[in-house]
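For reference, the structure discussed in these notes is given below.
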There are 2 protein chains.
Amino acid sequence: MSTKNKILDAADVLFANKGFNGTSLREITSQANVNLAAVNYHFGSKKELIKAVMSRYMDELSPRLESALSLICQSELKPTLHEVFSAFIGPLLYLNEFKENGTSTFLQLLGRGYTDSQGFLRWFLTTQYPDVFTNFTKAVNIAYPELSAEEIFWRLHFTMGTIVFTMSSSEALIDIAQNDFNNKLDIAGVIERVIPYVAAGVAAPIIHN
Amino acid sequence: MSTKNKILDAADVLFANKGFNGTSLREITSQANVNLAAVNYHFGSKKELIKAVMSRYMDELSPRLESALSLICQSELKPTLHEVFSAFIGPLLYLNEFKENGTSTFLQLLGRGYTDSQGFLRWFLTTQYPDVFTNFTKAVNIAYPELSAEEIFWRLHFTMGTIVFTMSSSEALIDIAQNDFNNKLDIAGVIERVIPYVAAGVAAPIIHN
DNA sequence: CGCTATTTTAAACGCATGTTTAAAATAGTC
DNA sequence: GACTATTTTAAACATGCGTTTAAAATAGCG
């Protein structure tokens, strides 16, 4: 395996578990059995490495997500919100084929990126992959047209928060749940549980003041 | 104002904006116009300072939250989930009386604590303030008794995620919303919008496989 | 005032970080 | 096989961190 890929593989596990700020280049390179200077040689800087780690996932996810959502938008019959959110399941779980524990690792990274490093990753995602957001908004608008643009905005961000935050601490939560409830669970099980939650949240009736 | 309070005031703003790992003692002490060594003299270590910052809020919030929730639990008629979640509004907004921008700062800190520093803050909160969690679970159980303990567990953590994550980026979101929708909004407005969302999420029908 | 206890201060310590350097090793090509 | 380009390596660099030290300043009190 190439040095570049060894670095990427070591980096995304460590970034997911300990955050971007919380992971040093020395940890990454020693985990990858690679010289410290290799990161700066191959990627230029730590910041560029972070972008590369995220791009590897986004480049797999983004086209699959877009086609799943546009399929829903072009459908004859009006989709339910539950169907809109379920459109995420396939593309997200595909990341597990692409890389071991790819789904949970990616979602953890997403959670890290929103809080770590002053939101520079949010800027990166919204500027590099804007279609994901607009397609998503469009699909929700078809499923629930009574919702104003502003209300969609807020509820989509609530949803992002739920997903991203849950996944960024999913390992700890799965551990607790297995201890307390004797119930085997994996990341797909968590996704199955969170979808009804966010679908109901977005579908909540509008309160007028 | 005492040196100790100057440090606490500077620390919680900086911690909220840049995270615990992302804020150095030198930033805090220079913002507070205080000598660098004062942190270690008055608090012992950076970790103890973090605990002190959180305790200042939790000691105000926790008793108010407990009494609001136990009031709901002891009521004659069965509360709705919306009422359960609304019980948080008063105690949370009270933090604004206690300290300028107290509500959003505290919620941002909460969000930081869940992702920063390997979850030591979650340990701190659950061990130091366990009643908040058990009272909350009890209230939800009364409002929606069909929900199993495990499902309550998951949905409460989804809710925590929604709230905490939204608030940790609330300032950026409020800015965007005001630009895009010409709608004046503050932290109370965000809370008003998120309550129906999480209430509907927790109230979602149970899917049986 | 004079003494003690508390607080503040400037400086340094040891350590970890991201990055750069320049030499060594390897791969690729004619 | 010799020459070049690429990659790897060990070492050092500059910087920032949390913490500690010991002296100076201040406050409290009989």
Side-chain angles (χ1 to χ4, degrees), chain A residues 1-56 108-109 112-113 115-124, chain B residues 1-56 108-109 112-113 115-124:
Chain A
M1 190 188 294
S2 73
T3 301
K4 226 170 159 171
N5 278 325
K6 281 199 278 187
I7 293 173
L8 286 172
D9 285 349
D12 77 347
V13 173
L14 287 168
F15 281 153
N17 287 333
K18 317 179 64 174
F20 300 112
N21 294 333
T23 304
S24 69
L25 295 186
R26 283 165 178 82
E27 286 180 89
I28 295 170
T29 52
S30 77
Q31 183 84 31
N33 269 316
V34 148
N35 188 276
L36 166 63
V39 171
N40 287 279
Y41 176 75
H42 285 285
F43 296 95
S45 68
K46 186 181 180 181
K47 216 162 197 171
E48 289 298 320
L49 172 62
I50 295 175
K51 287 190 196 173
V53 165
M54 294 307 291
S55 294
R56 204 165 54 143
Q108 282 178 264
L109 288 171
R112 298 293 185 182
T115 49
D116 272 21
S117 57
Q118 302 267 120
F120 111 88
L121 196 62
R122 171 163 36 189
W123 164 85
F124 172 69
Chain B
M1 190 189 295
S2 72
T3 301
K4 226 170 159 171
N5 278 325
K6 282 198 276 185
I7 292 174
L8 285 172
D9 284 349
D12 77 348
V13 172
L14 287 167
F15 282 153
N17 287 333
K18 317 180 61 172
F20 300 112
N21 294 334
T23 304
S24 69
L25 295 186
R26 282 167 177 82
E27 286 179 89
I28 295 170
T29 52
S30 77
Q31 183 82 33
N33 270 316
V34 150
N35 188 273
L36 166 63
V39 171
N40 288 280
Y41 176 76
H42 284 285
F43 296 95
S45 68
K46 186 181 180 181
K47 214 162 200 172
E48 290 298 321
L49 172 62
I50 295 175
K51 287 190 197 174
V53 166
M54 293 307 292
S55 293
R56 205 165 51 143
Q108 283 178 264
L109 288 171
R112 298 293 185 182
T115 50
D116 272 22
S117 58
Q118 302 269 119
F120 112 87
L121 195 63
R122 170 162 36 188
W123 165 85
F124 172 70

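Values below: every heavy atom of this structure, side chains too, minus hydrogens, waters and symmetry copies.
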Side chain to side chain contact (heavy atoms under 4.5 Å, CB included) partners for A16(A), two or more places apart: T105(A), Q108(A), L109(A)

Atom pair CZ (R112(B)) and CE (M54(B)), whose distance is rounded to the nearest 0.5 Å: 12.0 Å

Sugar-phosphate or base contact per nucleotide [nucleotides 10-24 of chain C; S, B, -; heavy atom under 4.0 Å]: B-B----BBBBB---

Partner set under side chain to side chain contact (heavy atoms under 4.5 Å, CB included) for L36(B), not counting sequence neighbours: L25(B), R26(B), T29(B)

Interatomic distance, N33(A) CG vs dT9(D) C1' [rounded to whole Å]: 14 Å

For atom CG of N5(B) and atom C1' of dT7(C), their distance in whole Å: 15 Å

T3(A) vs dT8(D): side-chain N/O to OP1/OP2 distance below 4.0 Å: yes

Qualifying salt bridge (charged side-chain N to carboxylate O under 4.0 Å, His left out) pairs with a residue from residues 32-43 of chain A, counting only residues at least two apart or across chains: none

Any H42(B) side-chain N or O less than 4.0 Å from OP1/OP2 of dT8(C): yes

Listed partners of N35(B) passing side chain to side chain donor-acceptor pair (under 3.5 Å), at least two apart: none

All side chain to side chain donor-acceptor pair (under 3.5 Å) counterparts of N40(B), not counting sequence neighbours: none

